[in-house]
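For the numbers below, each heavy atom of this structure counts, side chains included, while hydrogens, waters and symmetry mates do not.
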Amino acid sequence: MLALSHRSLLNKAFLADGIVSLVAGTVLIVDAAPLASLVSPVIAPGVIGLLGTGLLLWGAFHLVSARKGGPSAPAARISIAGDILWQVASLAILALAYASLTAIGIGLIVAAMVGVADFLFLKLKGAAQVGIRPAT
């Protein structure tokens, strides 16, 4: 049993991000071809599969980091930086490839941005609660 009541907010955010990333990564890999056609007529299924593989690694990183007392300060900083990078990259894709995306593709990117922003908020709040400061 996970005994979630005794875990910090940061640890819970890492567990949730890990699980969601593993599920999303699996879906992206298994359904790469249909998802690619939903997102854009010009995107290759391999790109979606590669994104899924990245999410599997991201999820594993979070679950391993959440073990035994919770994530370390460097793991928290990597995770927060990764979430910020996801937001920046998503905005860049929307700005640069908007004309190539379908309405569903735009919606999926925005939905993913909202989900990542939620995890980012929880990680920032959780990091502050356990005394992890941003890198200077």
Side-chain angles (χ1 to χ4, degrees):
M1 181 176 256
L2 290 174
L4 291 175
S5 63
H6 300 295
R7 293 177 181 261
S8 69
L9 176 61
L10 181 62
N11 199 309
K12 291 175 187 175
F14 263 62
L15 287 170
D17 195 354
I19 292 167
V20 169
S21 295
L22 289 176
V23 170
T26 301
V27 169
L28 289 174
I29 291 168
V30 170
D31 293 328
L35 286 171
S37 65
L38 278 176
V39 171
S40 170
V42 298
I43 193 167
V47 173
I48 300 296
L50 187 60
L51 179 61
T53 301
L55 282 174
L56 289 180
L57 294 171
W58 187 249
F61 162 74
H62 281 83
L63 292 179
V64 168
S65 296
R67 293 177 48 212
K68 297 181 183 174
S72 64
R77 289 185 183 110
I78 289 168
S79 180
I80 289 167
D83 287 351
I84 292 168
L85 181 60
W86 180 282
Q87 300 294 32
V88 170
S90 296
L91 287 173
I93 290 168
L94 289 173
L96 299 173
Y98 185 83
S100 299
L101 296 169
T102 64
I104 292 172
I106 293 167
L108 289 172
I109 291 170
V110 171
M113 288 179 71
V114 170
V116 172
D118 290 341
F119 283 128
L120 177 58
F121 172 78
L122 292 172
K123 290 173 196 173
L124 287 169
K125 186 172 174 85
Q129 287 176 353
V130 296
I132 296 174
R133 304 278 182 239
T136 55

query: Rounded to the nearest 0.5 Å, how far apart are CD1 of Ile106 and CG of Leu101?
result: 5.5 Å
query: For the atom pair CD1 (Ile29) and OG1 (Thr53), what is the distance rounded to the nearest 0.5 Å?
result: 4.0 Å
- prompt: Are any non-hydrogen side-chain atoms of Phe119 and Ser79 less than 4.5 angstrom apart?
  reply: no
message: I'd like to know whether Leu35 forms a side-chain contact (heavy atoms from CB on, under 4.5 Å) with Val27, so could you lay out the CA-CA distance, the side-chain angles of the two residues, the decisive distance to 0.1 Å, and finally the verdict.
response: CA-CA 9 Å; Leu35 286 171; Val27 169; 4.3 Å; yes
message: Nearest 0.5 angstrom please: Ile109 CD1 to Leu94 CG, how far?
response: 5.0 Å
- request: Taking the side chain as every heavy atom from C-beta outward, state whether Leu63 and Leu15 have any atom pair closer than 4.5 Å.
  value: yes
- request: Measure the spacing between CD1 of Ile48 and OG of Ser40 and express it to the nearest 0.5 Å.
  value: 9.0 Å
message: Quick check: do His62 and Leu22 have side-chain heavy atoms less than 4.5 Å from each other?
response: no
- prompt: Are the side chains of Ile78 and Phe61 in touch, meaning some heavy atoms are under 4.5 Å apart?
  reply: yes
query: Hey, does Val130 have a side-chain heavy atom less than 4.5 Å from the side chain of Asn11?
result: no
statement: Given the options Leu124, Leu85, Leu10, Ile132, Ile80 meets side-chain contact (heavy atoms from CB on, under 4.5 Å) only with Leu124
statement: Separation between CG (Leu38) and CD1 (Ile43), nearest 0.5 Å, reads 11.0 Å
query: Where the side chain of Arg7 meets the backbone of Ala13, is there a donor-acceptor pair that is under 3.5 Å apart?
result: no
- request: Using modelled atom types only, decide if a donor and an acceptor are shared between the side chain of Ser21 and the backbone of Leu56 within a distance under 3.5 Å.
  value: no
- prompt: What distance do Arg77 atom CZ and Arg133 atom CZ have between them, rounded to the nearest 0.5 Å?
  reply: 10.0 Å
message: Do Asp83 and Trp58 have side chains that approach each other closer than 4.5 Å (heavy atoms only, starting at C-beta)?
response: yes
message: Set out, in order, the CA-CA distance, both residues' side-chain angles and the distance that settles side-chain contact (heavy atoms from CB on, under 4.5 Å) for Lys12 and Leu122, then state yes or no.
response: CA-CA 9 Å; Lys12 291 175 187 175; Leu122 292 172; over 6 Å; no
